[in-house]
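None of these values were measured; they are calculated from a predicted model. Atom set for the values below is all heavy atoms of this structure, side chains included, hydrogens, waters and symmetry mates excluded.
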Amino acid sequence: MTHKSDFIQILTARGYLHQASNLEELDALAAKRCVPAYIGFDCTANSLHIGSLMQIMMLRILQQTGHKPIVLMGGGTTKIGDPSGKDSQRPLLSEQDIEINKQGIKGIFEHYLKFGDGATDALMVDNAEWLDALDYIAFLRDYGGHFSVNRMLAMESVKARLDREQALSFLEFNYAILQAYDFMELRRRYGCLLQMGGSDQWGNIITGIDLTRRADGQSVYGLTSPLITTASGAKMGKSASGAIWLTEADLPVWDFWQYWRNTEDGDVGRFLRLFTELPLDEITRLEALEGQEINDAKIILANEVTTLCHSAEQAKTAAATAEKTFAEGAISGGAISGGLPQFPTALPLGFLDALRLCQFASSNGEARRLIRGGGAKLNDAPILDEEYEITASDANEDGAIKISAGKKRHAVLTTS
């Protein structure tokens with residue numbers, strides 16, 4: 001199907017579009033005028049991980065096709081916590097923690113969006129501006145009658161929790177109401193006409209569309225992207241060592257690059273479409289590669305995603321480090337590649353402690369299993385002694401020691 005607007009055409013062609021309310025009307029509107037649209041990001045951690053990257057890319061495409069992105073920071077809604085996709089209530093964060101997390105998240109968007117005062121420049125706002133000032137009784141009188149409890153109980157985020165007989169607090173039950181109010185408030189303040197999000201947000205988005213129609217008599221739209229799993233069925237955004245964060249402070253660029261380099265063969269084409277800006281015909285060529293050649297496509301994927309999220313220079317450094325690590329060996333002539341994650345330490349140090357320090361194991365038990373499986377290495381040599389103690393004699397002339405877990409995870413202990 002040919003769409004009228006570049007925005008909907010690109011979302012469809014690259015695999016972002018899952019659900020939309022009144023798509024033909026939205027498409028026609030986007031072909032005629034600038035459409036302000038928002039996605040909300042709660043401040044539950046001091047970074048976002050790649051589970052949010054699809055939504056960030058959607059905002060980028062929105063701006064590149066002549067529309068206005070609104071990044072909504074959930075300084076208010078984080079105080080409740082979104083129950084979508086959760087088996088239990090999130091721990092409640094203090095206002096101080098929420099503010100710290102918000103500041104950590106903000107910088108991510110500057111890599112993807114242009115902020116400013118222009119018609120299509122991105123805008124960042126915090127829903128605490130209006131949610132913190134709500135008068136609860138007045139709010140219930142003005143808007144409570146527009147929400148159907150029957151409909152809210154049928155929402156997937158609520159129904160799934162109840163079907164599993166897991167507790168859903170009244171506090172969490174209010175989340176959809178506040179998110180709906182956000183949409184209405186953003187339309188009033190900034191002319192926002194579209195809310196986007198992952199498919200798990202569909203019920204919340206529809207609730208906001210309905211509230212805006214009932215309370216203000218205005219039409220707004222909703223659009224969701226599919227939830228992404230890998231070709232093997234695993235949830236995207238996790239690795240053996242934890243979440244794949246979008247900030248260097250929370251995850252070394254090397255590890256970020258390596259995550260994409262390790263993409264499963266069956267995901268290469270899809271991830272190139274979703275997370276890079278390569279032309280579609282080039283992606284078609286790359287995803288058709290077979291055997292060892294598919295690794296060239298994976299390196300391109302890693303370089304492109306890392307360039308967008310961090311910088312071209314950091315992507316280049318990570319790629320060069322990988323080539324040296326895997327093609328030449330990271331230790332050569334007494335030098336260790338500086339692109340690997342580095343962990344300062346004092347010696348002597350137990351090998352189990354070293355594996356945990358390098359984040360290759362979360363416990364001594366996990367470290368022992370890694371050793372017993374033959375996957376734990378010191379300076380590229382397998383260590384089978386669980387009680388092995390690393391000393392100065394294991395360091396090169398620069399005081400560096402390479403620790404590895406399997407063939408693809410490497411780190412450096414620095415001792416000087």
Side-chain angles (χ1 to χ4, degrees), residues 36-60 62-63 68-82 84-86 89-118 121-134 171-172 175 178-179 181-183 185-186 189-190 192 195-198 201 204 237-238 241-257 259 275 305-311 313-314 341 359:
Y38 93 96
I39 299 179
F41 300 87
D42 277 347
C43 310
T44 54
N46 63 1
S47 178
L48 299 174
H49 60 66
I50 63 172
S52 298
L53 191 53
M54 196 165 179
Q55 279 67 55
I56 296 173
M57 290 295 292
M58 289 169 71
L59 289 173
R60 182 176 172 88
L62 180 85
Q63 186 171 53
K68 187 176 186 67
I70 301 173
V71 180
L72 180 65
M73 304 297 288
T77 43
T78 305
K79 296 172 184 176
I80 291 178
D82 185 358
S84 301
K86 298 297 177 183
Q89 184 173 340
R90 296 176 187 267
L92 294 180
L93 301 177
S94 68
E95 292 195 20
Q96 181 180 11
D97 287 339
I98 291 172
E99 182 62 28
I100 290 171
N101 290 345
K102 184 174 71 174
Q103 295 306 318
I105 291 170
K106 279 184 174 180
I108 295 171
F109 293 94
E110 295 175 355
H111 292 276
Y112 292 90
L113 302 173
K114 177 181 179 294
F115 289 86
D117 299 324
D121 286 344
L123 179 68
M124 183 176 285
V125 295
D126 186 343
N127 62 16
E129 292 178 26
W130 51 86
L131 294 183
D132 283 359
L134 283 181
L171 183 67
E172 294 174 285
Y175 189 93
L178 295 184
Q179 185 170 326
Y181 185 77
D182 283 344
F183 198 176
E185 191 69 24
L186 288 169
R189 292 183 180 218
Y190 307 108
C192 183
Q195 181 183 358
M196 301 186 291
Q201 294 298 311
N204 292 348
K238 299 288 186 178
S241 56
I244 305 302
W245 300 104
L246 301 181
T247 49
E248 186 176 3
D250 294 279
L251 184 77
V253 176
W254 158 263
D255 286 337
F256 182 83
W257 186 94
Y259 174 85
F275 303 114
V305 179
T306 305
T307 295
L308 280 173
C309 188
H310 295 287
S311 71
E313 186 61 33
Q314 288 172 300
Q359 300 175 10

Problem set entry | side chain to side chain donor-acceptor pair (under 3.5 Å) involving Ser47 - partner list, sequence neighbours excluded | Thr247

Exercise. Hey, is the main chain of Gly74 close enough, under 3.5 Å, to the side chain of Thr78 for a donor-acceptor pair?
Worked result: yes

Problem set entry | Verdict with supporting geometry, Asn204 and Gln201, side-chain hydrogen bond (donor to acceptor under 3.5 Å, both in side chains) | CA-CA 5 Å; Asn204 292 348; Gln201 294 298 311; 3.2 Å; yes

Exercise. Sequence neighbours excluded, which residues qualify as salt bridge (charged side-chain N to carboxylate O under 4.0 Å, His left out) partners of Asp126?
Worked result: Lys102

Seminar exercise, completed: Across all chains, not counting sequence neighbours, the side chain to side chain contact (heavy atoms under 4.5 Å, CB included) partners of Asn101 are Cys43, Asn46, Leu93

Exercise. Mind checking what makes salt bridge (charged side-chain N to carboxylate O under 4.0 Å, His left out) contact with Glu129, not counting sequence neighbours?
Worked result: Arg189

For this session: Answer whether the closest heavy-atom distance between the side chains of Leu308 and Phe275 falls below 4.5 Å.
Result: no

For this session: Return the set of residues passing side chain to side chain donor-acceptor pair (under 3.5 Å) with Gln314 (not counting sequence neighbours), or none when no residue passes.
Result: Glu248, Ser311

Exercise. Who are the salt bridge (charged side-chain N to carboxylate O under 4.0 Å, His left out) partners of Asp97, not counting sequence neighbours?
Worked result: none

Exercise. Distance from Ile50 atom CD1 to Cys309 atom SG, nearest 0.5 Å?
Worked result: 9.5 Å

Exercise. Should Tyr181 and Asn127 count as side-chain neighbours, where that means a heavy-atom distance under 4.5 Å?
Worked result: no

Exercise. Is there a side-chain contact between Pro69 and Tyr38, using heavy atoms and a 4.5 Å cut-off?
Worked result: no

For this session: Measure from the ring center of Phe109 to the ring center of Phe115 and say whether it is less than 6.0 Å.
Result: no

Problem set entry | Contact list for residues 104-118, test side chain to side chain donor-acceptor pair (under 3.5 Å), sequence neighbours left out | Lys114-Asp121

Exercise. Distance from Lys79 atom NZ to Asp42 atom CG, nearest 0.5 Å?
Worked result: 11.5 Å

